[in-house]
There are 2 protein chains.
Amino acid sequence: MDLHVVHKPHRVPVGNVEGLTMRRLAERLAVTPTALYWHVDTKEDVLDLAVDHIFGDVPVPPATDDWRHDVRTLVGGWRAAMLRHTWAPGLIGRPMLGPNVVARTAFLEAALGRGGHDGVRLAVVTRLLANFVIGSALTESTWRATATSATHGGWSDDELFDRGLDAILG
Amino acid sequence: MDLHVVHKPHRVPVGNVEGLTMRRLAERLAVTPTALYWHVDTKEDVLDLAVDHIFGDVPVPPATDDWRHDVRTLVGGWRAAMLRHTWAPGLIGRPMLGPNVVARTAFLEAALGRGGHDGVRLAVVTRLLANFVIGSALTESTWRATATSATHGGWSDDELFDRGLDAILG
DNA sequence: ACCTGAACACCGTTCAAGT
DNA sequence: ACCTGAACACCGTTCAAGT
């Protein structure tokens, strides 16, 4: 057995996913843990519910005639929502198929469509955007949680994200 | 009428984070669970070790005179490594600070530097790339795991990822 | 230096039973 | 339809003790 710990920054468990417990949830609902299983099949189910709930917090703005602006608004709200709920990162490793997610994705594709995207290009840019937000929110909130605050350069997460969007949207 | 008469043992998906247990790890190492705690402070530590171990699988190619090619090779290998280890997605929500990660990031920045990037632009593109891979690997392996196989269009994950890279690298 | 055994305070989930 | 109590099969971690 040869395990070597290379690095050990002080870490706070990211958000509350690890702390989300059937028993704890039951207690908050003033109910017995076993009672939850009448409403839900498994803990996975409540996690899925939590995921879609987060995306309900992402504002879907009215569509304007500036499609780029619309994309930025939605995607910015997406990232913000994920950062607001520190437990999101631990949750995003699961299917995002709820109605709230679907609605946001539809808005995104519609805006890109107004920008002249269709076919593969539409699929490519949609994925690029979505995966960029997800990756960003994940790493940012991870670093935020470790509180190492390395500040690798003089640029904020917000600025780097924004300019990343510039690079994608042209 | 209930078919699940027998006590259902814990579902243990091999090869994913949720299945990684101190006790299970100890067993594989032919050792007592408590023995692990001489080598390691906490389970978090072994998770961190696992993370960096994954990135050790990402090949660092020799630098060529085609910086774009170098970037694609590294980033493609990065995604592949993450997809190879199905448990990676659950792990990436934690600091990637090990030596293997640092080496890969350095290579990436060097290649981008050869492409004329510096200052903010270097930081922006590095982040964009890294967060895109992370997000991609995460969502792809999630969908793969749920096996919904929706095939939203006629395009493969590989193709969409590749063309996403096109969009980023110009 | 390295490992064991026993113990503590937790988990998710099932089942029979109550209302 | 909705909830409880008891139980099962697990967890991570600590601590004293052995070599």
Side-chain angles (χ1 to χ4, degrees), chain A residues 1-54 85-95 98 142 145-147, chain B residues 1-54 85-95 98 142 145-147:
Chain A
M1 185 171 44
D2 191 20
L3 303 175
H4 290 296
V5 178
V6 208
H7 224 101
K8 185 153 48 171
H10 174 255
R11 183 179 37 255
V12 183
V14 176
N16 314 329
V17 219
E18 290 99 31
L20 208 183
T21 277
M22 288 289 106
R23 298 174 119 104
R24 211 116 63 184
L25 177 59
E27 191 185 11
R28 183 179 315 215
L29 296 172
V31 117
T32 267
T34 54
L36 298 175
Y37 288 86
W38 189 88
H39 302 271
V40 119
D41 267 5
T42 177
K43 187 187 179 183
E44 301 284 290
D45 286 353
V46 352
L47 257 20
D48 286 340
L49 287 172
V51 164
D52 201 62
H53 181 75
I54 291 174
H85 301 89
T86 50
W87 36 289
L91 291 177
I92 60 185
R94 56 184 49 249
T142 296
T146 57
Chain B
M1 287 299 269
D2 195 347
L3 297 179
H4 292 123
V5 219
V6 193
H7 205 85
K8 187 166 55 174
H10 263 181
R11 176 186 66 115
V12 178
V14 176
N16 89 8
V17 223
E18 289 102 36
L20 207 183
T21 276
M22 288 289 107
R23 297 175 118 105
R24 211 115 64 185
L25 177 59
E27 191 185 11
R28 184 177 317 215
L29 295 173
V31 116
T32 268
T34 53
L36 297 174
Y37 288 86
W38 189 88
H39 300 271
V40 119
D41 268 5
T42 177
K43 187 186 178 182
E44 300 284 288
D45 286 352
V46 353
L47 256 22
D48 287 340
L49 288 171
V51 165
D52 200 63
H53 180 75
I54 291 174
H85 301 88
T86 50
W87 36 290
L91 291 176
I92 60 183
R94 57 184 48 248
T142 297
T146 56

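Chain letters run A, B, ... following the sequence lines, proteins first, then strands; residues in each count from 1.
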Trainee: Take the protein atom CG of A:L36 and the nucleotide atom C1' of D:dG5, then report the distance between them rounded to whole Å.
Mentor: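 After rounding, the reported distance stands at 15 Å.
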Trainee: Any N/O pairs under 3.5 Å between the protein and nucleotides 12-17 of chain D? List them or say none.
Mentor:
{"unit_1": "D:dG12", "atom_1": "OP1", "unit_2": "B:M22", "atom_2": "N", "d": "3.0"}
{"unit_1": "D:dG12", "atom_1": "OP1", "unit_2": "B:K43", "atom_2": "NZ", "d": "3.3"}
{"unit_1": "D:dG12", "atom_1": "OP2", "unit_2": "B:M22", "atom_2": "N", "d": "3.0"}
{"unit_1": "D:dG12", "atom_1": "OP2", "unit_2": "B:R23", "atom_2": "N", "d": "3.4"}
{"unit_1": "D:dG12", "atom_1": "N7", "unit_2": "B:R23", "atom_2": "NH1", "d": "2.4"}
{"unit_1": "D:dG12", "atom_1": "O6", "unit_2": "B:R23", "atom_2": "NH1", "d": "3.1"}
{"unit_1": "D:dT13", "atom_1": "OP1", "unit_2": "B:T42", "atom_2": "OG1", "d": "2.6"}
{"unit_1": "D:dT13", "atom_1": "OP2", "unit_2": "B:Y37", "atom_2": "OH", "d": "2.7"}
{"unit_1": "D:dT13", "atom_1": "OP2", "unit_2": "B:K43", "atom_2": "N", "d": "2.8"}
{"unit_1": "D:dT13", "atom_1": "O5'", "unit_2": "B:Y37", "atom_2": "OH", "d": "3.3"}

Trainee: Side-chain contact, heavy-atom cut-off 4.5 Å: B:L29 with B:L36?
Mentor: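 Touching, per the 4.5 Å side-chain cut-off.
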Trainee: Measuring from B:D48:CG to B:D52:CG, what's the distance to the nearest 0.5 Å?
Mentor: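 B:D48 CG to B:D52 CG: 9.0 Å, rounded to 0.5 Å.
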Trainee: Got a second to check how far B:M22's CE is from B:T32's OG1, nearest 0.5 Å?
Mentor: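 The distance works out to 14.0 Å.
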Trainee: Whole angstroms only, please: what is the CG-P distance between B:L29 and C:dC3?
Mentor: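 From B:L29 CG to C:dC3 P: 10 Å.
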Trainee: How does DNA chain D read in dot-bracket, base by base from 5' to 3', with Watson-Crick or G-U pairs under 3.5 Å and | used when the partner is on another strand?
Mentor: ||.|||||...|||||.||
Trainee: Would you kindly give the NE2-to-C1' distance between B:H39 and C:dA1, to the nearest whole Å?
Mentor: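 B:H39 atom NE2 is separated from C:dA1 atom C1' by 9 Å.
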Trainee: For the atom pair CG (B:L20) and NZ (B:K43), what is the distance rounded to the nearest 0.5 Å?
Mentor: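 Taking CG in B:L20 and NZ in B:K43, the distance rounds to 6.0 Å.
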Trainee: Are any non-hydrogen side-chain atoms of B:H39 and B:V46 less than 4.5 angstrom apart?
Mentor: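 SC-SC contact between B:H39 and B:V46 ruled out.
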